[in-house]
> 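After the structure tokens below, expect a handful of questions from me.
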Amino acid sequence: MEEKKTLKFQSEVKQLLNLMIHSLYSNKEIFLRELISNASDALDKLRFLMLSKPELNKKIQSPCILISYNKDEKKISIRDNGIGMSHEEIIENLGTIAKSGTKSFLKSINTDVLKNNQLIGKFGVGFYSAFIVAEKVIVRTRSFLSDKKDGVLWESNGQGEYSVSNIRKKEIGTEVILYLKDSETMFADEITIKNIIQKYSNHVSFPIKMQIQKTQKNKIITPSLQSNLTWNQVNTGTSLWTRKKSDINDNEYKEFYKNFFHDDQNPIAWSHNHVEGNQEYSSLLYIPRKASWDIWNRDNKHGLKLYVRKIFIMDQSNEFIPNYLRFIKGIIDSSDLPLNISREILQNNQATKMIKNSLTKRILLMLDNLSKNNPKDYQIFWQEFGLILKEGPSEDNKNYLNIVKLFRFSSTYTQSNIQNVSLDDYVSRMQSKQEKIFYITADNYLSAKNNPHLEKLKEKNIEVLLLFDRIDEWMMNYMTSFNKIEFQSINKNNEYLEKIFDNKTLDQKKSEQELSPIILRIKSYLKDKVKNVRFTSKLINTPAAVTTDEHDITTQMSKLLISTGQNSPEIKYIFEINAVHPLIIYIFKIQNQKQFNNWIDLLLEEALLSECGNLEDPNKFVQRINNLLITHISSKK
Ligand code: ADP
Ligand code: MG
């Protein structure tokens with residue numbers, strides 16, 4: 001047997017070790033993830049070589065990763081029957097960095113299959129994380145190409161030197177043995193190890209087995225790799241998302257969703273993709289049937305589960321999907337990101353942004369397909385998540401059109417509070433001379449539907465979208481047009497609206513002319529209580545209404561501001577009078593100034609009530625009506 005040789009780490013390794021032990025201090029458990037990832041890589045590499053060298057098959061046992069521990073001896077061992085390392089390889093791989101093992105492995109074999117291989121893009125820092133918890137690390141390894149007597153033992157305390165010597169090793173593959181620091185002995189524990197494996201490595205596609213101690217308590221048993229009897233598998237190994245789409249049936253997708261995301265209902269739809277090229281990744285995205293209970297809690301993080309080559313990195317990485325799509329549940333598995341990527345780095349990463357862009361497009365497309373192919377399910381989606389999607393126009397101008405075409409509304413056409421009218425539907429029903437999309441905002445469906453502002457439009461059969469979700473008024477600030485057709489609020493005074501109503505009947509014109517002095521009379525009574533008083537022809541059954549000026553804040557916007565604790569400027573309304581209404585004609589004739597004023601107050605209060613849903617002084621309003629009723633009764637006596 002060859003003598004033990006002591007060698008010095010490359011100076012960068014020393015620096016790295018120092019850096020890692022200090023910067024990863026708070027997240028020590030990742031050492032196990034890194035070592036399992038290496039074992040999994042070694043198995044992948046061997047499996048890959050077997051594709052081109054079938055004669056190797058004889059040499060190879062069924063691939064697996066074995067974890068054992070011993071509390072008394074304060075050690076943990078991670079074993080694989082993968083590709084292993086030769087004497088030269090171990091010096092190169094574990095003595096230097098910037099020499100990515102994977103890179104040289106890829107260089108050493110030249111085949112076209114490589115393009116499809118997931119082994120590309122690794123970072124050579126993982127192994128040294130063992131020294132975060134270990135005071136000494138021993139690696140026993142044998143390359144799949146060497147003999148029993150040509151095993152290698154590598155040993156180091158992570159302080160600057162390591163030694164290498166030859167050993168006999170029966171099986172090919174690698175065993176990494178950690179001698180834990182006194183402060184880290186808690187890692188030599190069944191539950192702790194199991195939890196870490198299930199947290200980070202559950203979806204490694206090779207079985208990870210643990211020796212469950214039974215009779216021989218506290219004594220490490222070292223069964224041969226062939227005997228699986230005393231070993232229990234602790235990972236599920238079901239990284240469904242890495243499998244080929246054509247090999248997975250609908251049921252598998254559904255079952256996986258329910259187990260993985262702890263949902264008892266099937267998802268509404270999903271989208272599974274493998275992307276190659278600049279950024280290599282797989283994504284599996286689901287639309288749930290029910291919103292999670294905390295979806296409205298802005299402080300709570302939502303987002304995808306991030307994996308790097310099947311190794312779990314973090315939960316809720318919201319860097320990959322925009323906030324307005326936060327109802328999506330899913331997985332992104334990158335082939336290119338480093339295992340030790342942090343949220344901070346993710347946030348400022350160009351690759352992350354590219355992935356986010358294409359996932360956003362993918363989700364919007366998935367929703368568009370759902371709306372076309374399965375309107376019933378789309379309706380379920382819209383009821384559950386429409387309010388969240390409505391945040392889209394303010395957040396994502398780039399995808400504006402693809403977002404708003406997913407929106408569904410109530411409208412005067414369907415006469416139902418079910419929101420199922422799309423903008424495309426609306427546009428297809430627009431009248432030949434109609435240039436704008438009309439909408440009205442209100443507190444609820446009924447007050448939108450029965451709003452007096454709609455009377456004339458209904459008569460003319462012009463469709464109006466009825467908006468009554470709290471977010472709507474705010475959302476409409478970001479929705480200026482749809483396919484170049486502008487939106488027009490009915491609550492607001494606007495020139496175009498006037499034009500629509502302008503073809504007044506002869507009756508109307510005549511009446512307005514005759515009654516014109518009433519405008520001045522009302523103005524001189526109300527003074528600056530209102531912004532303006534004028535005739536309108538949009539009303540039929542209602543004597544008067546109020547409207548806000550085009551550039552002023554609307555009633556709903558003001559309510560929204562107040563409900564979120566903000567200040568809202570006081571609204572000055574325009575008071576609009578229906579000159580053909582019998583009440584107006586009646587009031588016009590009243591000479592008694594006090595009586596006249598009383599009627600005007602009543603009409604204004606009525607208009608405000610129907611616009612705002614409430615009054616500053618409802619009792620005064622009730623009293624006024626009662627007084628009028630009494631006058632009416634006494635006149636009949
Ligand atoms: P990376 O895995 O990103 O390449 P590591 O520091 O984790 O970096 O590992 C360095 C190299 O050591 C690997 O690329 C690989 O060549 C080698 N190595 C580590 N662990 C094993 C193992 N269990 N079997 C075979 N080779 C290994
Ligand atoms: Mg590694």
Side-chain angles (χ1 to χ4, degrees), residues 9-10 12-17 19-21 24 30-49 60-61 63-67 76-109 117-132 134 137-146 150-156 158 162 164 169 171-178 200-201 204 206 208 225 307-313 334-341:
F9 279 124
Q10 193 191 27
E12 286 91 333
V13 177
K14 278 192 266 177
Q15 275 171 355
L16 176 71
L17 274 165
L19 202 79
M20 187 146 40
I21 292 167
L24 294 177
I30 55 119
F31 77 90
L32 193 56
R33 172 187 82 180
E34 296 290 334
L35 297 178
I36 289 176
S37 149
N38 285 350
S40 162
D41 288 349
L43 292 166
D44 259 337
K45 288 174 188 170
L46 190 57
R47 186 160 66 177
F48 184 71
L49 284 173
I60 294 164
Q61 323 286 339
C64 68
I65 301 165
L66 300 180
I67 318 277
I76 301 181
S77 133
I78 296 100
R79 262 193 290 172
D80 65 73
N81 50 358
I83 193 167
M85 285 176 274
S86 69
H87 200 281
E88 295 73 40
E89 282 168 339
I90 205 165
I91 292 174
E92 190 172 292
N93 294 337
L94 303 186
T96 60
I97 46 161
K99 178 89 200 154
S100 158
T102 306
K103 226 188 231 165
S104 38
F105 160 75
L106 288 174
K107 257 191 238 150
S108 73
I109 40 171
N117 197 282
Q118 328 155 337
L119 301 167
I120 300 164
K122 304 283 187 88
F123 293 70
V125 293
F127 170 79
Y128 303 105
S129 64
F131 290 103
I132 302 174
V137 177
I138 287 181
V139 181
R140 303 174 69 252
T141 184
R142 180 185 142 197
S143 161
F144 75 107
L145 292 172
S146 25
D150 289 329
V152 193
L153 188 139
W154 181 101
E155 181 179 339
S156 175
Y162 61 95
V164 205
K169 190 173 181 299
E171 297 97 1
I172 62 163
T174 305
E175 175 175 20
V176 179
I177 306 158
L178 312 184
Y200 295 105
S201 314
V204 167
F206 302 102
I208 304 173
L225 276 172
Y307 285 75
V308 171
R309 284 168 264 119
K310 296 177 203 164
I311 305 277
F312 174 70
I313 307 297
S334 158
S335 307
D336 303 323
L337 294 171
L339 282 176
N340 57 348
I341 190 144

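The basis for the numbers below is simple: all heavy atoms, side chains too, and nothing from hydrogens, waters or symmetry mates. Order of listing sets the numbers, starting from 1, for every ligand and every atom in it.
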> Of the backbone atoms (N, CA, C, O) and the side-chain heavy atoms from C-beta on, which set of Asp80 has a member under 4.0 Å from an atom of ligand 1: side chain, backbone, both, or neither?
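Answer for Asp80: side chain.
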> Can you see which heavy atom on Ser86 is nearest to which on Ser143, and at what distance?
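Reported closest heavy-atom pair: N-CB, 3.7 Å.
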> Numbering the atoms of ligand 1 from 1, which are under 4.0 Å from a heavy atom of Leu94?
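Reading through ligand 1 atom by atom, the close ones are 12 (O).
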> Heavy atoms only: give me the nearest Ile65-Ser40 pair and the separation to one decimal.
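Here Ile65 and Ser40 meet closest at CD1-N, 3.9 Å.
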> Below 4.0 Å from ligand 1: does a non-hydrogen atom of Lys45 turn up there or not?
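The answer is yes, since Lys45 has a heavy atom less than 4.0 Å from ligand 1.
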> Can you confirm, on distance only, whether ligand 1 has an N/O atom lying under 3.5 Å from any N/O atom belonging to Tyr128?
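No - when backbone and side-chain N and O of Tyr128 are compared with those of ligand 1, no distance drops under 3.5 Å.
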> Is the shortest distance from a heavy atom of Met85 to ligand 1 less than 4.0 Å?
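Yes, Met85 has a heavy atom closer than 4.0 Å to ligand 1.
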> Under the rule for ring-ring contact (aromatic ring centres under 6.0 Å, His included), what residues qualify as partners of Tyr162, not counting sequence neighbours?
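With sequence neighbours excluded, Tyr162 shows a ring-ring contact (aromatic ring centres under 6.0 Å, His included) to Phe9, Trp154, given in chain and number order.
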> Are any of the N or O atoms of Thr174 closer than 3.5 Å to those of ligand 1?
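Yes, at least one N or O pair falls under 3.5 Å.
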> Only counting residues at least two apart or in another chain, list the ones meeting side chain to side chain donor-acceptor pair (under 3.5 Å) with Tyr307.
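With sequence neighbours excluded, Tyr307 shows a side chain to side chain donor-acceptor pair (under 3.5 Å) to no residue whatsoever.
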> Do the side chain of Asp150 and the main chain of Arg142 share a donor and acceptor less than 3.5 angstrom apart?
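Such a contact is absent between Asp150 side chain and Arg142 backbone.
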> List the atom of Glu175, the atom of Ser77, and the distance in Å for their closest heavy-atom pair.
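In terms of heavy atoms, the two residues are closest at OE2-OG, 2.8 Å.
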> Using a distance threshold of 2.8 Å, state whether an N, O or S atom of Ser37 lies below it from the Mg ion (ligand 2).
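Coordinating: no.
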